[in-house]
Number of protein chains: 2
Amino acid sequence: MNQLDPLDIEILRLLQKDASLTNKEIAFEIRKSIATIHDRVRKLHENGVIKRVVAILDRKKINRKLIAFAHVLLNDHTVNTLNQFEQEVIKFPEVMECLQMSGSFDFILRVATYDMDTYHDFYRNKLAMLPNINTVQSFFVLSEAKSDTAYPLG
Amino acid sequence: MNQLDPLDIEILRLLQKDASLTNKEIAFEIRKSIATIHDRVRKLHENGVIKRVVAILDRKKINRKLIAFAHVLLNDHTVNTLNQFEQEVIKFPEVMECLQMSGSFDFILRVATYDMDTYHDFYRNKLAMLPNINTVQSFFVLSEAKSDTAYPLG
DNA sequence: TTTGAAAAGGAAACTGG
DNA sequence: CCAGTTTCCTTTTCAAA
């Protein structure tokens, strides 16, 4: 796959912020022809640089009022234990992210629930029921000063 | 603003996964007319339920190979200190998220850099230069078993 | 609300420069 | 990388149920 040039970077910068921009609008913005933009965007999709285009919802308007980060430590770190945990935990719809981490615990989970009651229910009846859980520490989001899906570029 | 009905939920479920679906495709999927879908989607935008539509990039293909979570504890918790920290830290392009948290530290930062060297540079020359930083603990993503922007619905 | 159908506009796929 | 053209598809609008 070819490296990204400054034009690709410009296009990606715009599409990361607003993917509903038309090729025409992008072309105007960065002073290139529509055909060029069309070509570049197609290639960025084909090369998998753009993985997908998604709608970002206002979580308060869909009643997902509580976001928690759960730090999970497992009892052991055999491949089996790690794989099994991942396979099971990603099935829970409340779990938006499951990241294996370096450091004093094994996984960070980002969990979205309605409120503290439903988080508690998730914690007791779903997460803590999985095998090989050693400890779970939960932290709750009080406010979001920045919440971007866009990676820094260039 | 009106409550979401099951039809809205169905539409949002699809658009959270793939916002490049056309109204026609959505209409076919959930057996409604194109005009109905068009109307619903327009209202979901107007009401702010859909905040925006964005392109999600493959971070490895844009060379953002390292994702770190930094847990930041400040020296005090006056409104001024908290506000000042937020205002400054969100200016760093490396910081994708800045969330104030309950618990044993004040903020979680999600930081995207090229590699450990550039993270170290960010840490020493940007983050640690801010006033009123007490402690920073950094954790690094080893692997992503699940990485969704979609909230659970319904 | 929902619908089908017509009008307007953009995307896709080509040409050739 | 650009301009133009043609075809196709989608969005948008609207009258009616």
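Residue numbers start from 1 in every chain, and the chains themselves are labelled A, B, ... in the order their sequence lines are given, proteins ahead of strands. Below, each value reflects all heavy atoms present in this structure, side chains not excepted, and no hydrogens, waters or symmetry copies.
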Within the supplied structure, the quantity of interest is the number of heavy atoms (other residues, nucleotides, ligands) at a distance under 6.0 Å from A:Lys51 NZ; does it exceed 12? yes
Nucleotide C:dA12, atom P - distance to CZ of A:Arg40 in whole Å: 17 Å
Indicate whether OP1 or OP2 belonging to C:dT3 is found under 4.0 Å from a side-chain N or O atom of B:Ser33. yes
What string of B, S and - do you get for nucleotides 7-17 of chain D 5' to 3' if you count protein non-hydrogen atoms under 4.0 Å? ---SSBB----
Step through it carefully: locate the ring centre of A:Phe139, locate the ring centre of B:Phe105, and say whether they are under 6.0 Å apart. yes
Do A:Thr78 and A:Asn80 get their side chains close enough for a donor-acceptor pair, meaning under 3.5 Å? no
Donor-acceptor pairs under 3.5 Å, side chain of residues 119-130 of chain A to any protein atom, not counting sequence neighbours: which ones?
residue: A:Tyr119; atom: OH; partner: A:Ser138; partner atom: OG; Å: 2.7
residue: A:Lys126; atom: NZ; partner: A:Glu94; partner atom: OE1; Å: 3.3
residue: A:Lys126; atom: NZ; partner: A:Glu94; partner atom: OE2; Å: 2.8

Rounded distance in Å - CD1 (A:Ile26) to P (C:dG10): 13 Å
Are OP1 or OP2 of C:dT1 and a side-chain N or O of B:Thr36 less than 4.0 angstrom apart? no
Nearest-Å distance, NZ (A:Lys32) to C1' (D:dA3)? 14 Å
Take the protein atom CD1 of A:Ile37 and the nucleotide atom C1' of C:dA13, then report the distance between them rounded to whole Å. 17 Å
Within a radius of less than 6.0 Å around NZ of A:Lys146, do more than 12 heavy atoms belonging to other residues, nucleotides or ligands occur? yes
Note, B:Ile56 side chain near A:Arg52 side chain (heavy atom, < 4.5 Å): yes
Let me know the distance between CZ of A:Arg31 and P of D:dA3, rounded to the nearest Å. 14 Å
